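Taking it in order: structure first as structure tokens, then the write-up.
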There are 2 protein chains.
Amino acid sequence: MCQYSKVPPSQLLPVIDDRLACCTPLAREPMTVEQAATAAELLKAVADPVRLRLMSMVLSYEGGEACVCDLGEGFDLSQPTISHHLKVLHDAGLLDREKRGVWVYYRARPAAMAALGDLFSTDLGL
Amino acid sequence: MCQYSKVPPSQLLPVIDDRLACCTPLAREPMTVEQAATAAELLKAVADPVRLRLMSMVLSYEGGEACVCDLGEGFDLSQPTISHHLKVLHDAGLLDREKRGVWVYYRARPAAMAALGDLFSTDLGL
DNA sequence: TTTGAATATTGACACACGTCTATGTCCTAT
DNA sequence: ATAGGACATAGACGTGTGTCAATATTCAAA
């Protein structure tokens with residue numbers, strides 16, 4: 001629980017990102033070396049139980065965003081460790097970050113989520 | 001290219017697996033610790049550029065299966081390293097393995113692929 | 001301006017991971 | 001029975017990763 005009393009103010013504007021519109025579905029044709037490298041970076045960021053839970057918490061919070069002070073709970077981990085995991089997700093382009101006063105809010109980037117979804121999509125091209 | 005002359009015989013029967021029907025979508029509610037652990041194992045297996053390309057090659061091969069002798073090409077890696085990566089994918093439940101004569105054929109497990117797809121699915125529940 | 005709280009950064013450490021060489025196993029053809 | 005090829009396993013080695021304690025930074029309240 002946050003120990004400060006002020007209420008988080010506004011919603012974040014959705015951020016549009018095209019850096020990740022690279023990921024072909026896994027199943028249609030062999031990936032190129034570059035596609036595989038890019039996709040693997042994304043997947044490595046998310047391939048950790050703590051980071052998966054963090055992503056899932058951010059996504060299911062009201063407004064799709066969450067304060068670090070709320071995210072830290074439920075983990076038996078030190079504050080720097082949580083901060084580290086959030087940084088990994090942010091550096092991979094999966095989470096957006098906004099500081100409001102003393103707090104920092106994280107929000108999932110739709111483009112990155114879509115890129116992950118596309119990787120494992122099974123629709124046959126139409 | 002395979003150095004043996006015999007032609008790969010039959011198709012594999014599709015394998016039905018329920019061990020992986022565990023993965024809730026990431027976005028609807030916070031994952032449990034167990035869900036995150038299971039999903040992270042799957043993701044870690046696939047979060048490597050070589051393994052991504054291997055998966056993609058297997059999936060896009062005719063009949064959805066591929067011989068190790070064909071998979072090894074296109075990589076600047078030793079045969080044991082390719083074998084190691086295939087084992088990782090197999091141990092994670094992503095690839096099925098069948099030995100036919102001297103060759104070994106790998107085939108993607110639909111249930112595991114579906115589990116990965118579900119993780120990042122954005123459909124809202126219906 | 002000083003204090004205290006929220007978060008990030010740094011540096012250290014143990015462990016996991018990707019790769020290789022060397023070797024083993026299993027199958028087929030001779 | 002033997003030889004050779006396809007694939008797996010074992011062991012070694014360097015690098016990457018998750019974690020922590022300690023410290024720095026930034027902001028708000030008093």
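Please read all numbers here as calculations on a predicted model, not as lab measurements. Chain naming here is simple, since letters A, B, ... match the order of the sequence lines and numbering starts at 1 in each.
C:dT9 atom C1' lies 12 Å from atom NE2 of A:H84, rounded to whole Å. Atom pair B:L52:CG and C:dG18:C1' shows a separation of 15 Å (rounding to whole Å applied). When the C1' atom of C:dA8 is taken as reference, atom CG of A:L89 falls 15 Å away, rounded to whole Å. Atom CG of B:L86 and atom C1' of C:dT19 are 15 Å apart (whole Å). The NZ atom of A:K87 sits 15 Å away from the C1' atom of D:dG18 (whole-angstrom rounding). Spacing between atom CG of A:D91 and atom P of D:dG18 amounts to 13 Å, rounded to whole angstrom units. Between the C1' atom of C:dT9 and the CD1 atom of A:I82 lies a distance of 16 Å, rounded to the nearest Å. Rounded to a whole Å, the CG atom of B:L54 is 12 Å from the P atom of C:dG18.
Side-chain proximity of A:C69 to D:dT19, C:dT7, D:dC7: nearest is C:dT7. Nearest to the side chain of B:Q79, among D:dA8, D:dT19, D:dA28, sits D:dA8. Side chain of B:K44, nearest nucleotide from C:dA16, D:dG16, C:dT7: C:dA16. Among the nucleotides C:dT19, D:dT17, D:dC27, the one closest to the side chain of B:V50 is C:dT19. Set against D:dA22, C:dC27, D:dA8, the side chain of B:V102 has C:dC27 as its closest nucleotide. Closest to the A:C67 side chain, of the nucleotides D:dC7, C:dT7, D:dG18, is C:dT7. In the set D:dT9, C:dT19, C:dA6, C:dA6 carries the atom at the smallest distance from any side-chain atom of A:W103. Of the candidate nucleotides C:dA8, D:dT9, C:dT21, C:dT21 has the atom nearest to the side chain of B:S78. Across D:dA8, D:dT19, C:dC20, the shortest atom-to-atom separation from the side chain of B:L77 is found for C:dC20.
Judged by closest nucleotide on DNA chain D, A:D48 is the one of A:K99 and A:D48 placed further toward the 5' end. Of the residues near DNA chain C, B:V88 and B:P80, the one whose nearest nucleotide (by heavy atom distance) lies more toward the 5' end is B:V88.
We find the CE-CG distance between A:M55 and A:L86 to be 10.0 Å, quoted to the nearest 0.5 Å. If you take CG on A:L54 and CE on B:M31, they are separated by 11.5 Å, rounding to the nearest 0.5 Å. Distance CG/A:L52 to CE/A:M57: 13.0 Å, rounded to 0.5 Å.
Checking the phosphate oxygens (OP1, OP2) of C:dT7, no side-chain nitrogen or oxygen of A:Y105 falls inside 4.0 Å. The shortest distance between the side-chain N/O atoms of A:R97 and the OP1/OP2 oxygens of C:dA8 is below 4.0 Å. Between A:S83 and C:dA8, a side-chain N or O to OP1/OP2 separation shorter than 4.0 Å is present. In terms of phosphate contacts, A:Y106 brings a side-chain nitrogen or oxygen within less than 4.0 Å of OP1 or OP2 of C:dA8.
Residue contacts for A:H85: at a heavy-atom cut-off of 4.0 Å it reaches the sugar-phosphate backbone alone, with no base atom in range.
No path of Ile, Leu, Val, Met, Phe, Trp and Tyr side chains, each step under 4.5 Å between heavy atoms, connects A:Y61 with A:L95, placing them in separate hydrophobic clusters.
Note that A:R53 lies in the cation-pi zone of A:F75, set by a 6.0 Å cut-off to the ring centre and a 45° limit from the axis.
Classification of the A:Y106-A:H90 ring pair by plane angle, with boundaries at 30° and 60°, yields perpendicular.
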